[in-house]
Number of protein chains: 2
Amino acid sequence: MVSIKDVARVAGVSDKTVSRVVNGEPNVTADTIEKVQLAIADLGYIPNLAARSIRSNRTNIIGIITDFISTTPYSGDIVRGVQDWAGANGRTVLLANTDGDPTREANVWRTFKAHRIDGVLYVAMYHRVVVPAAGEVSIPTVLVNSHPEDGYVYPSIEPDDFGGSYALTEHLIALGHRRIGYIRLNPLLLGANQRLDAFLAAAQAAGIAESDLVIRLGMEGPVGRETNYVYRETLDILSMPDRPTALVCGNDEMALQAYLAALSLGLRVPDDITIVGFDDFRTVSLGLKPELTTVALPYYDLGWQGADMLDQLVHGKGSETERRVLKCPVVARRSSAQAREMQIADAAGTGG
Amino acid sequence: MVSIKDVARVAGVSDKTVSRVVNGEPNVTADTIEKVQLAIADLGYIPNLAARSIRSNRTNIIGIITDFISTTPYSGDIVRGVQDWAGANGRTVLLANTDGDPTREANVWRTFKAHRIDGVLYVAMYHRVVVPAAGEVSIPTVLVNSHPEDGYVYPSIEPDDFGGSYALTEHLIALGHRRIGYIRLNPLLLGANQRLDAFLAAAQAAGIAESDLVIRLGMEGPVGRETNYVYRETLDILSMPDRPTALVCGNDEMALQAYLAALSLGLRVPDDITIVGFDDFRTVSLGLKPELTTVALPYYDLGWQGADMLDQLVHGKGSETERRVLKCPVVARRSSAQAREMQIADAAGTGG
DNA sequence: ATTTCAATTGACGACGTCGACATTGCTGCC
DNA sequence: GGCAGCAATGTCGACGTCGTCAATTGAAAT
């Protein structure tokens, strides 16, 4: 590999002068700069960052530790957000996946430390509570899509599942729905409770009686290998004599099953039943016809802003206890169409 | 950061001896080893890989360059395959995404070279022809899920779209289907033609007349922002007087739309219509009821084996012209159930 | 002409690691 | 006892870069 000294020789200057040019330091003649740049281009010289990092004790590398990439495809957007931030800020990204295995996680931390990376983004692929196995020697770390268990202190950035679910429920209520079904996520997921709690809170705030809500468990069991009741439960809910006019699903994949169940009963979305999801997993939410009303998880921004928080931390400017929460906006699509509102209003008018 | 010299001082030996212990070199007393390891544990010493790489000219880092992560979620499995290989072989993974932007790609190559990584996996997120912008200074590179344009030479590893599609078609034919519909992928995708060609070849080999095949275009336009005709075309195909008994979709997301269209017509899968997909995008293929018969793309193995090929190359053992093709197995599920075969046989018996 | 000062450039060493080679000490053998 | 031979350990320098400080140059000020 061509080094700074080769360039120096060709340009007829000292290696230090080349270094100056490369790093844009002041006090170099325009003439010298040109000679050096010519030599650099000629030889195809590219600075050796490893060598640089030995001297400076800074690598400009940030590490990402992920757990279960495979089970939740779209959360890869978190990684994309981090990458884009890194690209825009001259950092490079080391990536490692643990598959949830503590042994592998320990190795990953070790490797990252060996690379002397500046910081770590500890990324959970579904929203949950975590305990990073960082060990004694610590690296600045930010938890993404997760927060630390009680007793551990890390800055974190998370989606506002509660707020998103609350807004979604309000959206349905505003459309006139009063009898609403709800199919719960796997209770192991942090989002499961937050979303259900917000649903109940919003319904109560609107004066809807508990008896008008039908709440069922959609999934249970270990994450990634759960037992799925959604189809069956949807059939059941939609076969009730006074069936709900709207059905809220814990996430978009569950909404997919709900669609299939509804269609198989000959019901039409949204005319006969309004269905909404959560996550805005676009393969599903845009793949369904009509397209699915859902709540977008700010994965990309979790990544981007998480990287930014980490950067603050690395430069000693961030707070160890910051807990940032990102809004989850309702994405209204045709599965909860406005027409619905009219129709219900009509029925009410006729009936009353 | 604690260095090898700190350990040496604490252990009362020379730095070189510590180096020997760390690297498991022979000719060190058990006694000395223990002393050193104690000191290492005490100080929490972790070797500095940057320093090591300056001397050895090997970093044990491989780089991944991806293009459009966002559009095709599950191909992230390629990355997971690479990571697992890396973890199992003591390598680390640098990740960069170009979003298909040549300027960003050029920067990525530059950065990778600056890190003196051992090699690059150039990963396309959908199967296609590529031209890596590696520049003059070259790094060992393997193309994954893609192959080089004519005139460029890179080893590559790809899925066998043709073989998978051929086997899938044979599967349908074996079940007794003779009238088959086909909804094409976006023609911009390399897989589109390979899959269609295989479909036609298998049909012809089975003596099925072209007039018994209904072929429609399902999508067109720039990848990621295509116009989608699948729902409409499916409605159209299934409304034909002598409608096909089976419908092959270019991928699983298209199969999802086909399901919805079929259900909305009151048709049942697979009793009234057999539907199959491609990709085994599990959110869809397992999310659909009945679960979808499809062809699995060996994403994970593309990553793992691609990394292995790259390793060969780095060690001067690989071939610059190797083009490895991985099988795509048919995954038979309930959407093309065996029952179907009986039924058709029955009908034929009654009718004939 | 001499001094002063700033701009420009270079020499050198240190970062952490390990390869090449030197040194030390011990064992076994004649 | 003396010496070869080997195991165990140490010294030193180089990898590529850049911080520190010294050296050189030239122009402005006296």
Side-chain angles (χ1 to χ4, degrees), chain A residues 1-37 39-40 43-61 90 92 110-118 137, chain B residues 1-37 39-40 43-61 90 92 110-118 137:
Chain A
M1 252 309 176
V2 30
S3 85
I4 207 170
K5 286 182 186 160
D6 301 313
V7 176
R9 193 164 19 76
V10 170
V13 298
S14 76
D15 53 352
K16 179 63 210 191
T17 296
V18 176
S19 167
R20 273 190 266 259
V21 172
V22 169
N23 294 290
E25 288 175 33
N27 300 334
V28 189
T29 324
D31 200 49
T32 307
I33 292 181
E34 192 179 347
K35 269 192 308 188
V36 171
Q37 284 179 336
I40 288 177
L43 299 174
Y45 166 73
I46 296 180
N48 184 326
L49 296 181
R52 194 175 275 179
S53 88
I54 307 187
R55 286 204 41 73
S56 67
N57 253 325
R58 277 286 309 280
T59 55
N60 284 326
I61 299 177
T92 316
R110 229 192 117 67
T111 307
F112 278 4
K113 285 171 187 166
H115 281 289
R116 302 293 193 270
I117 66 178
D118 295 339
V137 190
Chain B
M1 248 315 171
V2 32
S3 85
I4 205 169
K5 285 182 186 159
D6 301 315
V7 177
R9 191 163 20 77
V10 170
V13 299
S14 76
D15 53 352
K16 179 65 209 189
T17 296
V18 176
S19 168
R20 273 188 266 260
V21 172
V22 169
N23 294 290
E25 288 175 33
N27 300 334
V28 188
T29 324
D31 200 47
T32 307
I33 294 182
E34 192 178 348
K35 266 192 308 184
V36 171
Q37 284 178 336
I40 288 178
L43 299 175
Y45 166 72
I46 296 181
N48 184 327
L49 297 182
R52 193 176 277 178
S53 88
I54 302 189
R55 285 204 44 70
S56 65
N57 252 325
R58 279 285 310 283
T59 56
N60 284 326
I61 299 177
T92 316
R110 227 193 121 66
T111 307
F112 279 5
K113 285 171 187 166
H115 280 288
R116 301 293 191 270
I117 67 177
D118 295 339
V137 189

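All chains are named by letter (A, B, ...) in the order of the sequence lines, taking the proteins before the strands, and each is independently numbered beginning at 1. Just so it is clear, the model here is predicted, and its values are computed rather than measured. Both backbone and side-chain heavy atoms feed into the values below; hydrogens, waters and symmetry mates do not.
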Counting only side-chain N and O atoms of B:Thr17, is one of them less than 4.0 Å from OP1 or OP2 of D:dG10?
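Yes, such a contact exists.
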Are OP1 or OP2 of C:dT17 and a side-chain N or O of B:Ser56 less than 4.0 angstrom apart?
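Checking C:dT17 against B:Ser56, no side-chain N or O comes under 4.0 Å of OP1 or OP2.
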Might you confirm whether atom CD of B:Glu25 has over 12 heavy atoms from other residues, nucleotides or ligands at distances under 6.0 Å?
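Atom CD in B:Glu25 is crowded, with more than 12 foreign heavy atoms closer than 6.0 Å.
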More than 12 heavy atoms of other residues, nucleotides or ligands under 6.0 Å from CZ of A:Arg110: yes or no?
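No, the 6.0 Å shell around CZ holds no more than 12 heavy atoms from other groups.
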Pick one: which of B:Asn60, B:Ile61, B:Asn57 meets side chain to side chain contact (heavy atoms under 4.5 Å, CB included) with B:Asp118?
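In the set B:Asn60, B:Ile61, B:Asn57, the residue that makes a side chain to side chain contact (heavy atoms under 4.5 Å, CB included) with B:Asp118 is B:Asn60.
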Can you give one letter per nucleotide of nucleotides 14-26 of chain D, 5' to 3': B if a protein heavy atom sits under 4.0 Å from the base, S if only from the sugar-phosphate, - if neither?
BBBBBBB------
Shortest non-hydrogen contact from B:Asn23 toward B:Arg52:
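Residues B:Asn23 and B:Arg52, closest heavy atoms: OD1-NH2, 3.7 Å.
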Nearest atoms (heavy-atom pairs only) where B:Ser53 meets A:Ala50:
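Minimum heavy-atom contact is OG-CB, 3.5 Å.
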Regarding A:Ser53, tell me which of base, sugar-phosphate or nothing describes its non-hydrogen contacts under 4.0 Å with the strands shown.
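It contacts nothing in the nucleic acid.
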Roughly, in whole Å, what's the span from CZ in B:Arg58 to P in C:dG19?
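It works out to 13 Å between those atoms.
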Report the distance from atom CZ of B:Arg9 to atom P of C:dT17, rounded to the nearest whole Å.
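One finds 13 Å between P of C:dT17 and CZ of B:Arg9, rounded.
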What bend angle does the helix from C:dA1-D:dT30 to C:dC30-D:dG1 show across its length, from five-pair end axes and to the nearest 10 degrees?
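Here the local axes at opposite ends form an angle of 60°.
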Within the side chain of A:Thr29, is there an N or O that forms a donor-acceptor pair under 3.5 Å with the backbone of A:Asp31?
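A pair under 3.5 Å: no.
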Does the side chain of A:Asn48 come within less than 4.5 Å of A:Ser3's, by heavy atoms?
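No - every pair of side-chain heavy atoms lies 4.5 Å or more apart.
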According to salt bridge (Lys or Arg N to Asp or Glu O under 4.0 Å), who are the partners of B:Arg9, at least two apart in sequence or on a separate chain?
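Testing B:Arg9 for salt bridge (Lys or Arg N to Asp or Glu O under 4.0 Å), a comparison that skips the adjacent residues, returns B:Asp6.
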